[in-house]
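Written out below as structure tokens is the structure these notes cover.
The structure displayed is predicted, hence computed values, not measured ones. Proteins come first, then strands; the chains are lettered A, B, ... in the order of their sequence lines, and each starts at number 1. Only heavy atoms go into these numbers, but all of them, side chains included; no hydrogens, no water, no symmetry mates.
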Amino acid sequence: MANILDIRRRIRSVTNTRQITKAMKMVSAAKLRRAQERALAARPYAQMLTNVLKSLVSRAEIYDPETGEPRHPLLAKRDERNILLIVVTGDKGLAGAFNSNILKAAMQFLAVKAGKNIEIEAIGRRGRDFLGRRFAAAAPRTADSQAPAATSVIHEQVGVLGKLDYSLAGGTAERVIQRYAAGDIDAVYLLYNEFKSVIAQRLIVEQLLPISEIGVVDVQQATELTQKERKRAQEAAKKAGVGMRPPDTHDMDEAAAHFATAEVDYIYEQPADELFSSLLPKYVGIQIFHALQESVAAEHAARMTAMEAATSNATDMIDSLTLVMNRARQAKITKEIIEIVSGAAAAQ
Amino acid sequence: MADTFQLEIVTPEKTVVKDLAEEAQIPGKNGYLGILPGHAPLITELAIGEITYRMGGLTHHLAVAWGFAEVLPDKVTILAETAERADEIDVDRAQKAKGRAEKFLNSVDPAVDYNRAEAALDRADTRLEVATQEPPKKQ
């Protein structure tokens with residue numbers, strides 16, 4: 001027979017744990033809401049930049065009218081020999097399968113591109129730890145390096161996602177563009193958790209460079225949420241009071257669509273192709289920034305879901321422990337009564 | 001003709017300004033541009049510098065580092081990499097950045113990227129200049 005005192009102690013311990021997971025859930029829900037607001041605030045810039053670039057494509061004759069070849073180095077496709085993969089994970093754990101799913105997708109990507117020289121940039125502590133254990137750290141390759149094809153980690157950024165600002169994305173974009181233009185790398189991929197809403201998420205590998213079409217996310221590999229994951233996320237969101245629909249951006253996008261595309265003859269202070277060349281790197285920056293923002297939101301959502309599950313598991317456990325304890329107490333009382341009754345009977 | 005126009009300054013992080021203005025000065029790449037309502041449609045890149053706009057006797061100052069502007073007769077939209085109002089500027093940080101950039105510029109190390117250091121110095125200088133401007137007040 002279990003000791004009543006022990007059971008009671010366990011119940012108290014589980015109750016404490018439940019309090020922690022519940023608090024973590026609420027914190028994640030609040031952080032998720034903030035991350036979503038931030039992503040929304042960033043939308044006009046991204047949309048405007050995309051629109052103006054699209055309109056400049058035709059005006060600046062970015063594609064050679066005769067051969068159809070792009071004239072800008074960031075648009076030109078090359079044979080893929082040296083690849084750069086940017087992996088965006090979280091800095092912290094306790095977020096269910098969030099990080100391990102991303103890393104699984106990373107390994108899958110590496111398997112597909114096997115035989116090529118792959119460099120990895122890890123953003124987020126979890127990814128750095130995992131990938132850093134598997135692959136050697138190395139200096140970035142240059143175009144003329146003759147070393148045999150290998151997979152290596154060349155750069156890492158940890159502890160930066162908590163206070164995410166544009167300079168992180170801008171700096172990464174600058175570095176990547178410079179290496180691409182110099183011919184050190186032939187393609188750049190970005191692996192992250194896309195986040196439209198709590199129930200509309202995908203793990204995607206996006207081709208960042210070369211840019212195949214402006215305004216279109218070039219998805220190379222995608223994993224959707226499973227039915228079960230979606231249902232759990234839905235329940236957690238409902239309980240934490242987080243909206244499940246992606247925010248309505250129609251008006252915002254409509255306004256952004258007019259940017260620099262009015263039906264008038266603009267005076268161009270600089271030639272169109274010059275403008276295009278200086279705007280295109282910003283486009284790459286905004287792609288990275290967008291990915292980081294979505295990844296942060298997704299991480300909070302994943303943690304919220306995981307903590308909701310933990311909280312409900314703790315509740316179940318408390319219920320079953322309480323049942324066991326009551327049974328033990330009942331058994332003890334019954335036993336005592338029997339002893340008294342039989343004692344009284346013996347005395348007669 | 002209307003005597004004001006819409007001014008919008010948008011950065012990757014948020015919309016910084018969404019306001020009416022009577023007059024604005026923006027740092028075009030080829031020199032500062034003064035804009036009044038009814039300006040001819042124009043597209044330009046912005047350099048590192050200071051945006052000033054006036055509305056109802058109040059003058060506002062912002063520091064920008066690279067941007068892209070569309071001017072229409074009734075609306076001016078500016079995409080800027082960063083845009084900070086005078087009171088948002090971290091003077092300490094700007095001063096440190098300035099010191100760093102100057103050190104780079106004065107060094108003889110061939111590995112130093114002078115263009116970058118110069119741009120950093122420009123950014124720091126603009127920030128410091130804007131930060132020392134009086135907050136918006138009646139003239």
Quiz item: Given that the side chain runs from C-beta out, which part of A:Leu49 has a heavy atom under 4.5 Å from chain B: side chain, backbone, both or neither?
Solution: both
Quiz item: When only pairs under 4.5 Å are counted, which of A:His290, A:Met48, A:Arg43 shares the most heavy-atom pairs with chain B?
Solution: A:Met48
Quiz item: Picking from B:Leu33, B:Val71, B:Leu79, which has the most non-hydrogen pairs under 4.5 angstrom with chain A?
Solution: B:Leu79
Practice problem: Would you mind reporting whether A:Tyr266 and B:Glu70 have side-chain heavy atoms less than 4.5 Å apart? | Solution: yes
Quiz prompt | Choice from A:Tyr45, A:Tyr268, A:Phe289 maximising heavy atom contacts with chain B below 4.5 Å | solution = A:Tyr45
Quiz item: When heavy-atom pairs shorter than 4.5 Å are enumerated against chain A, which of B:Thr77, B:Thr82, B:Ile43, B:Thr44 gives the highest number?
Solution: B:Ile43
Quiz prompt | Spatial distance of atom OG (A:Ser278) from atom NZ (B:Lys29) [nearest 0.5 Å] | solution = 6.0 Å
Practice problem: Report the distance from atom CG of A:Leu279 to atom CZ of B:Phe68, rounding to the nearest 0.5 Å. | Solution: 5.0 Å
Practice problem: Flag the one option from A:Arg38, A:Gln293, A:Lys282, A:Glu274 with the top tally of heavy-atom pairs under 4.5 Å to chain B. | Solution: A:Lys282
Quiz item: Checking A:Tyr166 against chain B: side chain, backbone, both or neither under 4.5 Å from a heavy atom?
Solution: both
Self-check item: Neighbour count >12 (heavy atoms, 6.0 Å) for atom CZ, A:Arg175
Solution: yes
Quiz prompt | Between A:Asp165, A:Leu40, A:Ile286, the one whose heavy-atom pairs under 4.5 Å with chain B are most numerous | solution = A:Asp165
Practice problem: Heavy-atom distances under 4.5 Å only: say whether A:Glu174 touches chain B with side chain, backbone, both or neither. | Solution: side chain
Practice problem: Could you tell me whether the side chain of A:Glu269 and the main chain of B:Glu45 form a donor-acceptor pair under 3.5 Å? | Solution: no
Quiz prompt | Those residues of residues 6-16 of chain B, ordered by number, that approach chain A below 4.5 Å (heavy atom to heavy atom) | solution = B:Glu8, B:Val10, B:Thr11, B:Pro12, B:Glu13, B:Lys14, B:Thr15
